Amino acid sequence: MRLAGIERISVLNIHYNNYTLDYFLDCQQALGVKQVELLGAHQGLWMDHRGYQDAAPIRRKLEERGLSCTVFTPENCAYGYQFAVKEPELKERCFRFFSNGIRFGAELGAKILEANSGWGYWNEPEEEGFKRAVEMHQRLAEVAAEYGMQIACESLRPEETRIGFRLDQIRHLFEEVNHPAFKAMIDLTAMSVAGETIQDWFDAFGAENIIHSHFQDCDPYGHYVWGDGKRSLYEDVKCMLDNGYQGLFSQELTDRSYYADPYYHDQRNMRNLRMYFGD
């Protein structure tokens with residue numbers, strides 16, 4: 001049952017950590033994928049707060065394979081770069097890092113920078129980290145607008161942050177940043193851990209403000225191939241589309257069991273996704 005076109009599927013390269021970027025791109029081309037979400041500071045996509053590698057050869061690699069990078073994700077969970085950092089010198093370093101992510105992404109052809117709230121410190125009042133996240137995203141939204149991009153902010157899990165693991169916190173952040181270049185995105189795993197629903201998010205933001213998704217199976221934890229968790233692929237796709245969602249269904253597969261042979265697991269995932277996404 002075709003609900004949407006295959007061009008709405010995107011694959012994030014995080015589970016290809018042990019392989020070259022060329023291998024990842026070749027695998028996506030073989031699968032018939034048209035869109036990829038690329039993770040900066042990772043796997044042949046080097047960047048830091050001082051600069052980033054030449055984007056032109058990477059963009060050629062994409063174009064030669066009929067691929068587009070619509071969303072760029074500078075590493076924002078594993079590195080020492082976060083959106084709610086406290087120390088002044090680190091704050092400026094993080095701002096430069098994410099600004100470089102915007103520039104790098106724009107040169108690759110991306111229109112969206114994937115982001116989150118950051119986490120601050122857990123031994124301080126939550127509102128302090130939240131205020132810093134607002135300030136950082138206000139500054140970054142100005143940079144994004146300059147380069148014709150938007151920021152899509154997801155929620156995290158409670159083990160990762162105190163200031164952005166619930167829908168109401170992301171809605172509050174959205175309201176405080178108050179910039180047309182700052183939008184929201186759904187991550188099914190974080191959403192499920194919080195006990196929320198897709199409908200909850202659309203009721204809170206409206207389709208016009210949800211511009212991206214990390215759309216993987218879960219239980220409720222985990223970032224799984226569809227069929228390895230407990231969510232209903234059909235019901236989730238239908239709910240997104242019924243609410244007028246116009247963005248990508250990006251596959252963020254982070255279970256370590258996938259890392260040894262990511263292409264095999266992508267093949268399994270695409271067989272399930274193709275039940276509802278067609279050419």
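Keep in mind it's a predicted model, so treat the numbers as computed, not measured.
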side-chain hydrogen bond (donor to acceptor under 3.5 Å, both in side chains) test vs Asp228 passes for just one of Arg268, Gln216, His223, namely Arg268
Salt bridge or not for Asp236 and Arg231, using N-O below 4.0 Å? yes
Residue pair Gln251 / Asn269, side-chain donor-acceptor N/O under 3.5 Å: yes
Using a strict 4.0 Å threshold on nitrogen-to-oxygen distance, state whether Arg59 and Glu63 make a salt bridge. yes
Kindly indicate whether a cation-pi arrangement holds for Arg256 with Tyr259, taking the cut-offs as under 6.0 Å to the six-membered ring centre and within 45° of the axis. yes
Least distance between heavy atoms, Tyr245 atom then Ser213 atom: OH-N, 3.1 Å
Going hydrophobic residue to hydrophobic residue with side-chain gaps under 4.5 angstrom, can you get from Leu248 over to Leu233? no
Here's one to test your reading of the geometry: is the NZ or CZ of Arg171 within 45 degrees of the ring axis of Phe205 and under 6.0 Å from its centre? yes
If you apply the rule side chain to side chain donor-acceptor pair (under 3.5 Å), what do you find for Glu128 with Tyr121, and how did you get there? CA-CA 9 Å; Glu128 295 302 314; Tyr121 287 116; over 6 Å; no
Check Gln169 against Phe130 and note the closest heavy-atom contact, atom names and distance. O-CE1, 4.0 Å
Between Leu253 and Asp266, is there a side-chain heavy-atom distance shorter than 4.5 Å? yes
Determine, stepwise, if the pair Thr20 / Asp22 fulfils side chain to side chain donor-acceptor pair (under 3.5 Å). CA-CA 5 Å; Thr20 64; Asp22 284 342; 5.3 Å; no
Is the shortest distance from a Lys or Arg side-chain nitrogen in Asp48 or Arg96 to a carboxylate oxygen in the other one below 4.0 Å? no
What orientation do Tyr23 and Tyr19 show, parallel under 30°, tilted 30 to 60°, or perpendicular over 60°? parallel
pair Pro74-Phe98: side-chain heavy atoms closer than 4.5 Å: yes
Is it true that Phe277 and Phe249 have ring centroids separated by less than 6.0 Å? yes
Could you report the tightest heavy-atom contact between Asp217 and Gly229, atom names first, then the distance? OD2-N, 3.0 Å
Just so I know, are the side chains of Ser155 and Leu167 near enough to count as touching, which here means a heavy-atom distance under 4.5 Å? no
Please answer: with hydrophobic residues joined when any side-chain heavy atoms are less than 4.5 Å apart, are Ile6 and Met240 in the same cluster? yes
Salt bridge check, Glu124 against Lys86: does any charged N sit closer than 4.0 Å to a carboxylate O? yes
Go through the steps for Tyr276 and Arg2 under the test side chain to side chain donor-acceptor pair (under 3.5 Å), then give the verdict. CA-CA 4 Å; Tyr276 306 114; Arg2 185 182 188 272; over 6 Å; no
Does some side-chain heavy atom of Leu156 sit less than 4.5 Å from a side-chain heavy atom of Cys77? yes
Taking atom CD of Gln35 and atom OG1 of Thr70, what is their separation to the nearest 0.5 Å? 3.5 Å
Aromatic ring proximity, centroids under 6.0 angstrom, Tyr258 and His265: yes
Heavy atoms of Cys69 and Leu62 approach each other most closely as CB-CD1, 3.8 Å
Is the backbone of Gly244 close enough, under 3.5 Å, to the side chain of Gln246 for a donor and an acceptor to pair up by distance? yes
Does Leu273 form a side chain to side chain contact (heavy atoms under 4.5 Å, CB included) with Met270? I'd like the steps, not just the answer. CA-CA 5 Å; Leu273 289 165; Met270 287 303 296; 3.9 Å; yes
Without swapping roles, check the side chain of Asp219 against the backbone of Tyr221 for a donor-acceptor pair under 3.5 Å. no
So is Arg139 actually on top of Phe95's ring, under 6.0 Å and inside 45° of the axis? yes
Side-chain donor or acceptor of Gln53 paired with backbone N/O of Trp46 under 3.5 Å: yes
Can you name the nearest heavy-atom pair linking Ala84 to Gly129, along with the distance? CB-O, 3.5 Å
Stepwise side chain to side chain contact (heavy atoms under 4.5 Å, CB included) check, Phe72 with Ile102: CA-CA 8 Å; Phe72 187 73; Ile102 291 168; over 6 Å; no
Please report the shortest heavy-atom distance between Met191 and Thr197, naming the atom on each side. SD-C, 3.4 Å
Could you measure the distance from the CZ atom of Phe174 to the CD1 atom of Ile151? Nearest 0.5 Å is fine. 12.5 Å
So for atom NZ, which belongs to Lys183, do other residues, nucleotides or ligands contribute more than 12 heavy atoms lying within a distance under 6.0 Å? yes
Would you say the side-chain atoms of Tyr147 and Glu107 include a donor-acceptor pair closer than 3.5 Å? no
Does Arg157 come within less than 4.0 Å of Glu160, counting only side-chain N to carboxylate O? yes
Contact between Glu37 and His212 at the side-chain level, heavy atoms closer than 4.5 Å - yes or no? yes
Regarding Lys91 and Glu135, does a basic nitrogen lie under 4.0 Å from an acidic carboxylate oxygen? yes
When the aromatic ring centroids of Trp119 and Phe83 are compared, is their separation below 6.0 Å? no
No-hydrogen, no-angle side-chain donor-acceptor test under 3.5 Å, Gln43 and Asn17: no
Measuring from atom NZ of Lys61 to atom CG of Asp26, what distance do you get when rounded to the nearest 0.5 angstrom? 9.0 Å
Taken to the nearest 0.5 Å, the spacing of Arg271 CZ from Gln267 CD works out to 6.5 Å
Can you tell me how far the OG atom of Ser250 sits from the CD1 atom of Ile186, to the nearest 0.5 Å? 13.0 Å
Nearest-0.5 Å distance that lies between atom NE2 in His214 and atom CG in Leu188: 10.5 Å
Would you say that Glu142 contacts Gln138 through its side chain, given a criterion of any heavy-atom pair below 4.5 Å between the two side chains? no
Quick one, Tyr234 and Met275 - any side-chain contact, counting heavy atoms below 4.5 Å? no
Is the shortest heavy-atom distance from the side chain of Asn76 to the side chain of Asn116 under 4.5 Å? yes
In sequence, state the C-alpha distance, the side-chain angles, and the governing distance for Phe24 and Val36, and then conclude on side chain to side chain contact (heavy atoms under 4.5 Å, CB included). CA-CA 10 Å; Phe24 166 73; Val36 292; 3.8 Å; yes
In terms of heavy-atom contacts, does CD of Glu89 have more than 12 from other residues, nucleotides or ligands at under 6.0 Å? yes
Using the rule given for side chain to side chain contact (heavy atoms under 4.5 Å, CB included), can you reason through Cys27 versus Tyr16, listing the C-alpha separation, both sets of side-chain angles and the distance that settles it, and then say yes or no? CA-CA 10 Å; Cys27 289; Tyr16 284 76; 3.6 Å; yes
